[in-house]
Structures are given as C-alpha cells and as structure tokens.
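Atoms within each ligand, like the ligands themselves, are counted from 1 in listed order.
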Amino acid sequence: MNHLDPQRHVRGESQYLDDVPVQQGTLYAAVYESPLAHGILKNIDLRAALKAPGVVRILTAADIPGQNQIGGIVPDEPLLAEGHVHFRGQPVALVLARTEAQAHAALKLITADIEPLPIITDPRQAAAQGELIVPPRTFRIGDSAGTFAGCDYVFEGVAESGGQEHLYIETQAAYAFPTELGGVKIISSTQGPTAVQRHCAVVLGMGMHQIEVDVTRLGGGFGGKEDQATPWGCLAALGAFVVKKPVKLVLDRMADMRMTGKRHPYSSDFKIGLSADLKILAYEVTYYQNAGASADLSPAVLERTLFHTTNAYCIPNVTATANSCRTNLPPNTAFRGFGGPQGMFVIESAITKAAEELGVLPSEIQRRNLLREGDLFPYRQPAEGCHAEQAWDTAASLFDLAGERAAVAKFNQENQLFKKGLALMPICFGISFTKTFMNQTRALVHIYTDGSVGISTGAVEMGQGVNTKIAQVAATTLGISINRIKIETTNTTRVANTSPSAASATADLNGKATQLACQALRERLLRHASTEFAVEFEGITIENEQVLAAGIPAETTWEKLVSSAFVRRVALTENAHYATPGVHFDAGTESGHPFAYHVYGTALTTATVDCLRGTYTIDSVRIAHDFGQSFSPAIDRGQIEGGAVQGIGWMTLEEVSYNDQGRLLSNSLNSYKIPDLYSVPAVLDVHFLDTPGHPNAILRSKAVGEPPLMYGIGAYFALRDAVRAFQPSVALPLVAPMTPERVLGGLYPEFVAESASRMLAK
Ligand code: LUZ
Ligand code: MOS
C-alpha cells in the first residue's frame, strides 16, 4: 500500500491553505510584533499606518469583543498584547489591507512606546527568580538519596539540549469568513481544529457552535501547529468578525521563525549511582525547561519529560524534578517527542559520563540496564510487551556490532586526522496523550447510494499518511476497494471536540473509531442481506466487493447491496466514538497507567569527524524498530527515516540562537541549518522487528510518529565518541547540538578557548 498523497503533491495538485481560491473582497492581514522582549506597553501609534494606501482597519486588544485570552492550559496568553509585552515578536496589532503588500508596508509605519523591563532568557535564572509557569513536579520511585551511599560509583553532571525550529514547509496561516448569524468559518493550517474553534469562540465572545474550523491538509506540523496555529486562526477570525469581510493571514518564513515557539531547550543536573557490576541503582535529575513567555503546552511537555526520564532502562530508585521556567522568549511548544527527547538526552548523558569516567563502553551500561517484562517505570506502569532487549540484541547481531566496533578501532589506529565514533541508542516511548481525557475521538462514515464512502474523523493529514491508513482500515473492514473511499477534510461541525493530531496517537485513535463505525455498517448491511435473501446472517461476508454466502446470488456486489439496503431504508451512515481503554493517571501520587503501550527500538550510529576542520558525516544509522504488525510498511518506514533524520538535525546541526535581548539570531535558513540531502547518512537501514503489536494499536500496527526522533540522540554520542578518539583526555561538556564549532572545541579545547577570548577582547 502506498501513501495516497505524494503523487498529487509532486504534481502540485494538493490543495494547501494558500491554494484556496480567494473570495472577492478578501482583506489581507499582517501582524505588528513587539520590538522588545519585555516592557510596559504605554502606547501604540497607528496614525500614519491608518493613512497608508489600502489600509482598511488596524485592530488592537481593545477591539476584541470577548476575552483577550488564548492560553490552552494556563490562561496567561493574550491574543494581542495589552499592558505589557513579554517577548520579541509578540502580536500587538493586526493590520487589515486590500493587498498583502499594503498590509506589510503599513506595519513599518506603526510605532510602539514601550518602557523596557529586565529581560530573562535563561531558564535557571528564571527559576532562581521564582519565575515558574506551574509549580515544579517530581516523579519518585524507591529512595534515590538513600541509595547513593551504597553505590560503588556516583557521578554528577550537567546536560543541556537546545531548541529546534519546526520548519514545516507550509508556514502558519488562516483564512476566515464571516458567516450569517454573526459566526465565523476558518480554514486553518492547524493540527488542532477544536483548539482553534474553542479559542476563537472565547476571543469573539460567542458559543463554539458559531465557529466552524476546516482543515484539508498541512504542509507539515511536527507539533508546531498543535497549539500555535491558534493565534493566527483567532486573529483572522477577529478581523473577519469585526470588518465582516474574509480575512487571510499567512506568515512569511522569517515572521514565522521570529514569532512562533520551538522545541524547549533544557538545562539539567543529573546524578547517577551504579554498582560495581554496572547496574544503575539510583538516578536523580532536575530539569530546567525554557518555557518562554507563557505556558502554551509547556506543563504537558514537562510532564512527558518526566515520563521519559529513564528512557528504556529499569532504574529502581529515581527522583526526577521538573521546572517550567518563564523567560522572555516566544512560548515554546510541542515538537515531535514533546519533552521526551529532552529527558532521554539527560539519562544518556549520565550513562555516557559514567562510562567515560569508569573507562567502560557506554553500551555496557546501557545493555545491562534495559527494561524487561514487568519492570516498573518511575510512574509505576509496568513494561508490558517489552521489546527493549529484543531490539538491542537484534540490532547488535544484525548490524554486526562487534565487527563495526573493530572497524572503527582499526580506522582510528590507522588515521590521525579523521576519527570514527559509534553509539547505540535504545528508545522507549509511551503512546497516548498523557492527559487521559484527550484519548478519545469520533468517526463519521457515510456510505453513498452508489457505494462510495466518505469518512470524517478528528485526524489531520500533515504528510504523515494518516488518511491513507484510515482509508485502509475502512477498506479492510468493509471488504471494498480503497478507491471507493474518500477521507474528507477535518471539520469541527462533522467531528466535534477533537484532540489535536498529536502524541503519535492519531492513527490509533481515529483508525479505531473508523473501524468501529465500519464494523457497525458492515453488520447492518449483512443483516439486510440476510433478510433480503433469507440466508443465515452468520455465514455472510463481503470480500473484494462481493457479498458471499450460500444462497446469495452471485451478482450481489457491494454496490447492489448498498442500493438495495437504501431502498429498504437501512441507515447508511454511522458515527462511532472511541476512547483508549485502560489508561489512567493520578497526578496526586504521580502514578498510574498513562500509556496504552510503549514502542521500542535500538539504533546503531557511526560517524566520522574531520579532525582538522571539525566537520563530520553521520555515516550510518541502522535501526531495529518495533512496528508491531505494520499494515503500511512504506509509510511506517518513511516515518522512521524522517524522524531519525529530524532527530539528527536537532542533536547535531540545528542551533536556535537568541541574544540576551531575546532577539532571534538564527532567524532564516542561512543562519539556521537543517538536515538536507547531503547530511542524511549514506546508510539508513530500518529493520522491522518481529513483534506482535498491541491490541490498542490500530490493527496491531504500533504508532510511529514520534519514537524515531530519539534515534537521533545516537548521532550526538557517536560524534562525541569520535572526538574522544582524537582527544581522549578532553572534558567535553554534555551540550547539544554537537555543531562543527562544538566538535572543534572538543578537538582543540585550549586553542578554541584562547581564540574565543581573543575575539571577545576585540
Ligand atoms: N500533546 C499533548 C502531545 O497534549 N499531550 C501529549 O501527551 C502529547 N504527546 C506528544 C505530543 N503531543
Ligand atoms: Mo506533536 S509534538 O505530537 O504535535
């Protein structure tokens, strides 16, 4: 089965938001952003801009008819700044003009009088000043403090990981239309249509039923449109509501990079205790999450960091504390992995540090501590259907770990100016929204009288192939060709109260709802056939569009079955609700069974460093991955390859950089480097482990969205291994991304420190 969309994508036929035919009278919106990262907003001078050509109206907080509030978890985020500004790029005013160029030209005529306030960009500084978004949370199992005294080895350290720009190809955008009775319809590039609907209703001061949100597809999301499509949807809706004209708002790339939040940078303190035989007995970690200026999804991201504190390892004594720190940066947000990668980077750093100090291979510690069936995670869910050891051992044998190691050692002995490194990266990722109530959705399935089928769910297609999977589920369940099936746009009036397409759970949730609806329709149609042809219900099936059973006429096809059912007034529409069974969590005790299941895998990564230049190549990434029973292997393989490469980018190339004034320095694609064709490893192998899948996974095919991103962490440690082959004594800080500059700093620490101080002196 192939992904249904790519042929249309490469021919330019797929319709994205900016391709929607523009209605007559449409106004174009542009956003005036705060030029300062923190201050008191005393006045906005709109006079010159209002006189500019084509300008129809300029809206500020004062024009909001409902509440000026779009905070999803904590109500701390105004749609338009009011009283204060809290980050550079914060929306302050919305210009509506006849053309896009006129709207942008008018922005330059706006001035704001802002009294500067002190700017915080560092999460530890924010924490020291008590600037926390929510109270700190702690996950605890066993007694870590009491265990360290009995450990043979104890190591402490600091690990830091950087932000990451989502860089969806389609930037943030919305197109809003006034509807009769004073409502608004919004076409939005969002992963969360209901979030856009809910917040538009709040901002406009009306019921959610007055707001309709429609999504055809996104040109990528990666978490960046889970919550942060909302402001643009609300701004376009506000414009349409006030001016009673269609309003289109599309961010250009640099505005998108400046104004939207990214993956959260983390700075963390760790302490790890081991026995003489390298069992990890205790682990303590304190995370400082750089949340940016408002909560956005940060508390939920923070929680998932805690859930992934111990990655794929069983550690009996753990204390993990997480702080969400308020800084004067754009609010950071969901990004593939959702805090999990940040937590997993720290435990891998701790293990690597311990291994380096002890003079053993990190993999010796990793392998010895992998989860086994029934082991408890720190939140007390047992590992059920655990494939951590199977994934590791399969990777080690299939990819010839011993041979690879020998080859790396031989290369390093024979080469002075190039060094190779190797690392293993096991992953374990929990599938489900950690907020239990979010694990629900619905599917609305229509069979039309000609036998064609239209399916609406809460799933948003953003390139991940969820529409293909849902169509496959329906075709399989109904026994018909996939060519009869259309996956409709995601629309809040057809499927209401949806969770965002996120948490790797979209195909599971919406696939299961579709399966339930199609099972009901199938049963209803077969009962009709049983009556119509007076044959036993039990024996009847539909296969390849043919209704089969003794006594059923051979010419009874799917089409005939459907049209005869219609004539007999049988309902050809079904609406099904699905809620993941067995998930629960008690935030009071920080324990429960939050995940439907876990996904496992192991990557073996090798890299070569050019020890003169500090440049490098990631030579190979070979992955043994737990797909369960994949029914779309091409799509699933694509997710693993894409995720691994995106993770490599986060860990080795992509450096989100703000100055101390909160100004984004990496503000375009010439200062922010993402993986391209040339930085993809020459070898990127994906092996499908033989695993049974899980009943909560759609057709036992496990979720594939987020887990592979964390294979990229292996690239960081492979590079570190190579640098240490050149400079065995170097005290390399555990700071990601491992950019060529950082590699160079590891290769020539004194020289780099010296030249840096010389540059500073200049
Ligand atoms: N969004 C969310 C997510 O609201 N809860 C989650 O647990 C989650 N996990 C991954 C990605 N997005
Ligand atoms: Mo995502 S980080 O599952 O939107």
Side-chain angles (χ1 to χ4, degrees), residues 71-74 134 137 163-168 172 189-196 198 215 218 220-230 260-264 289 295-308 322 324 331-344 379 381 427-441 458-466 490 497-510 580 583-585 587 592-599 639 642-643 646-647 650 703-710 712:
I73 297 178
V74 180
V134 285
R137 284 180 68 176
Q164 187 175 22
E165 169 63 46
H166 300 87
L167 227 90
Y168 24 68
Q172 302 276 1
S189 177
T190 180
Q191 293 172 240
T194 294
V196 174
R198 188 187 318 119
V215 184
L218 315 187
F222 308 112
K225 299 169 183 170
E226 180 173 337
D227 233 35
Q228 294 209 358
T230 297
T260 66
K262 312 180 191 311
R263 181 186 296 285
H264 296 78
Q289 175 200 57
D296 191 272
L297 289 165
S298 297
V301 171
L302 192 78
E303 182 176 69
R304 194 173 272 278
T305 302
L306 290 169
F307 282 118
H308 293 82
S324 182
N332 287 315
T333 193
F335 195 135
R336 204 171 190 175
F338 205 75
Q342 290 94 320
M344 286 158 66
Y379 46 94
Q381 177 168 341
I427 62 141
C428 168
F429 198 78
I431 303 303
S432 286
F433 287 95
T434 58
K435 289 278 169 283
T436 298
F437 75 87
M438 293 175 78
N439 297 291
Q440 56 167 317
T441 188
V460 169
E461 174 62 51
M462 45 190 151
Q464 84 279 43
V466 70
T490 315
N497 308 323
T498 57
S499 296
S501 285
S504 306
T506 310
D508 279 357
L509 293 172
N510 295 283
T580 313
V583 288
H584 56 87
F585 191 72
H593 196 293
F595 297 118
Y597 57 88
H598 289 82
V599 171
Q639 283 290 317
Q646 195 167 36
W650 171 52
V704 287
E706 294 170 291
L709 184 120
M710 284 142 279

Side-chain donor/acceptor of Ser189 to backbone N/O of Gln172, under 3.5 Å: no

Check: Phe595 ring centre within less than 6.0 Å of Tyr379 ring centre: yes

Note: Glu165-Lys262 ion pair, threshold 4.0 Å (strictly below): yes

Residues forming a salt bridge (Lys or Arg N to Asp or Glu O under 4.0 Å) with Glu226, sequence neighbours excluded: none

Sidechain-backbone polar pair: Ser499 side chain, Met438 backbone, donor-acceptor under 3.5 Å: yes

Put together the list of close N/O pairs, under 3.5 Å, between ligand 1 and the protein, could you?
residue	atom	partner	partner atom	Å
ligand 1	1 (N)	Glu226	OE2	2.6
ligand 1	4 (O)	Glu226	OE2	3.3
ligand 1	7 (O)	Arg304	NH2	3.1
ligand 1	7 (O)	Thr434	N	3.0
ligand 1	7 (O)	Thr434	OG1	3.4
ligand 1	9 (N)	Arg304	NE	2.9
ligand 1	9 (N)	Arg304	NH2	3.3
ligand 1	12 (N)	Glu226	OE1	3.0

Side-chain (Ser432) to main-chain (Ala596) donor-acceptor, under 3.5 angstrom: yes

Plane angle bin for His166 and Phe335 - parallel if under 30°, tilted between 30 and 60°, otherwise perpendicular: parallel

Test item: Lys225 side-chain N/O and Gly223 main-chain N/O as donor-acceptor pair under 3.5 Å: no

Sequence-distant partners of Arg198, salt bridge (Lys or Arg N to Asp or Glu O under 4.0 Å), two or more places apart: none

Check ligand 2 against the protein and report each N/O to N/O distance under 3.5 Å, formatted as atom name, atom name, distance.
residue	atom	partner	partner atom	Å
ligand 2	3 (O)	Ala503	N	2.6
ligand 2	3 (O)	Glu706	OE2	3.4
ligand 2	4 (O)	Gln191	NE2	2.8
ligand 2	4 (O)	Glu226	OE1	2.7

